[in-house]
Amino acid sequence: FSPDGRLLAVATDPNGVDGFFTQQRQGQVQLWNVETRRPFGRAIAPGAGSVLSVAFNPDGALLATGSYYGQLDLWDVDTQDREGEPLRVADDGVLSVAFDPSGRLVAGGGATGPVRVWRVADGSPAFPPLAGHTGYVTGSAFSAVGSLLATTSLFGGTRLWDPATGLPYGDELVSPRPESLEPTVELPFLGVGNAFSPDGRLLAAAGADGHAMLWSTDPVAWRQRAC
């Protein structure tokens, strides 16, 4: 949803499950007017395979899209035109996107582990790729005051970063394994997204199996746990 709740951005993938890895068709994003339940403007087509993630900036003027073929795009919400050049990453999909509260930074979680943060004004990297995750980074979120960036991987690891420097707070914090319905099967916590509480003191990580983890984001406590 846009910050004012007026619009909803929906990514559609014509490749479907069977064609996801062959990528024969291009994904699109359609904006919808929530009140009228009608499309708002034309469909947005990044042209880089399936659209894997979307996010509005804080004032709702820009929409970020992350695509299968390593491309993050910024779009003017009113005109559906691309803003600036695509932000491209070689050999890496963009599974999660998030703006910081100021709207000056946009983060993209990669399919091979690194998290990248760009300056919205000129598309330049804010700092080198944030390394440490192994595998798909399915969740990226900034706290409401912009003092923390949280990233969560599909394999259950969550990290906190300082958005001002790109430095991590401790190591990766790995979610416990949930109990399996089959005692002989060990299931990892499969993280599919994350979100801060409004005051930024808690971080929720959602799991594909219906479990969710809730963490305190106090940096001192986080460093003690994630070391």
Side-chain angles (χ1 to χ4, degrees), residues 1-9 11 29 31 34 40 44 46 51-67 70-89 94-110 114-133 137-152 158-170 193-205 215-220 222-223:
F1 286 96
S2 60
D4 61 6
R6 186 173 58 90
L7 298 176
L8 174 66
V29 176
L31 298 174
V34 174
F40 178 83
I44 291 171
V51 178
L52 307 177
S53 51
V54 297
F56 286 94
N57 77 336
D59 66 7
L62 292 178
L63 179 76
T65 59
S67 298
Q71 184 168 304
L72 189 152
D73 293 281
L74 300 177
W75 305 88
D76 183 297
V77 169
D78 287 335
T79 65
Q80 298 85 55
D81 291 331
R82 182 183 273 113
E83 288 283 313
E85 295 296 320
L87 306 175
R88 293 190 173 94
V89 178
V94 183
L95 304 183
S96 55
V97 292
F99 286 95
D100 81 322
S102 72
R104 293 193 293 265
L105 299 176
V106 61
V115 177
R116 293 171 172 86
V117 181
W118 291 273
R119 297 182 182 91
V120 172
D122 59 9
S124 63
F127 17 74
L130 309 182
H133 282 297
V137 180
T138 51
S140 299
F142 288 90
S143 62
V145 297
S147 59
L148 295 172
L149 167 64
T151 55
T152 298
T158 295
R159 289 179 174 270
L160 285 185
W161 311 87
D162 181 349
T165 64
L167 297 176
Y169 288 101
N194 61 21
F196 282 96
S197 61
D199 62 7
R201 297 174 61 186
L202 298 174
L203 176 70
W215 305 106
S216 167
T217 60
D218 176 74
V220 175
W222 190 278
R223 285 191 181 98

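Throughout, numbering of the chain's residues begins at 1 and tracks the sequence. No hydrogens, no waters, no symmetry mates; every other heavy atom, side chains included, goes into these values.
- Remark: L74 CG to D81 CG distance equals 13.0 Å, nearest 0.5 Å.
- In terms of the side-chain hydrogen bond (donor to acceptor under 3.5 Å, both in side chains) criterion, residue partners of S140 (sequence neighbours excluded) are, by chain and number, S96.
- Applying the side-chain hydrogen bond (donor to acceptor under 3.5 Å, both in side chains) test to R104 and every residue at least two apart in sequence or in another chain returns nothing.
- Nearest heavy atoms, P129 versus P114: CB-CB, 4.1 Å.
- Looking at N57, its side chain does come within 3.5 Å of a backbone N or O of L62 through a donor-acceptor pair.
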Checklist entry - Can you list the steps and then say if F196 with V145 is a side-chain contact (heavy atoms from CB on, under 4.5 Å)? => result CA-CA 11 Å; F196 282 96; V145 297; over 6 Å; no
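- Between P3 and F56, the shortest heavy-atom contact is CD-CB, 3.9 Å.
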Checklist entry - Would V117 and W161 satisfy side-chain contact (heavy atoms from CB on, under 4.5 Å), going step by step from the backbone distance to the final call? => result CA-CA 11 Å; V117 181; W161 311 87; over 6 Å; no
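- A side-chain donor-acceptor contact under 3.5 Å links T217 to the backbone of G200.
- Every residue was checked against the side-chain hydrogen bond (donor to acceptor under 3.5 Å, both in side chains) condition with R201, not counting sequence neighbours, and none meets it.
- Using a 4.5 Å heavy-atom cutoff, the side chains of V94 and S53 are in contact.
- Of the possible donor and acceptor atoms, one in the side chain of R82 sits under 3.5 Å from a partner among the backbone N and O of P46.
- Side-chain contact between L95 and V137: absent, with no pair of heavy atoms (C-beta onward) separated by less than 4.5 Å.
- The shortest distance between side-chain heavy atoms of L203 and L148 does not fall below 4.5 Å.
- Annotation: side chain of L63 is in contact with side chain of L31 (closest heavy-atom distance under 4.5 Å).
- Of all heavy-atom pairs between A205 and T158, the closest is CB-OG1, 4.3 Å.
- For the residue pair R159/T151, the side-chain donor-acceptor check at 3.5 Å is not satisfied.
- When all heavy atoms of F142 and A107 are compared, the closest pair comes out as CE1-CB, 3.8 Å.
- When every heavy atom of D73 is checked against every heavy atom of P86, the shortest pair comes out as OD1-CB, 3.2 Å.
- Nearest approach of A144 to P198, heavy atoms of both residues: CB-O, 3.5 Å.
- Applying side-chain contact (heavy atoms from CB on, under 4.5 Å) to L72 and the options T65, V89, V97 leaves one that passes, V97.
- For D78, there are no salt bridge (charged side-chain N to carboxylate O under 4.0 Å, His left out) partners at least two apart in sequence or on another chain.
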Next on the checklist: Between L105 and R119, is the side-chain contact (heavy atoms from CB on, under 4.5 Å) condition met? List the steps.
Outcome noted: CA-CA 5 Å; L105 299 176; R119 297 182 182 91; 4.2 Å; yes
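- Take D100 and apply the salt bridge (charged side-chain N to carboxylate O under 4.0 Å, His left out) test, not counting sequence neighbours, and it matches no residue.
- Under the side-chain hydrogen bond (donor to acceptor under 3.5 Å, both in side chains) criterion, S2 pairs with D4, sequence neighbours left out.
- In this structure the side chain of F127 never reaches within 4.5 angstrom of the side chain of T165, judged on heavy atoms.
- For the pair V29/W75, no side-chain contact is recorded, criterion being any heavy-atom separation below 4.5 Å from C-beta on.
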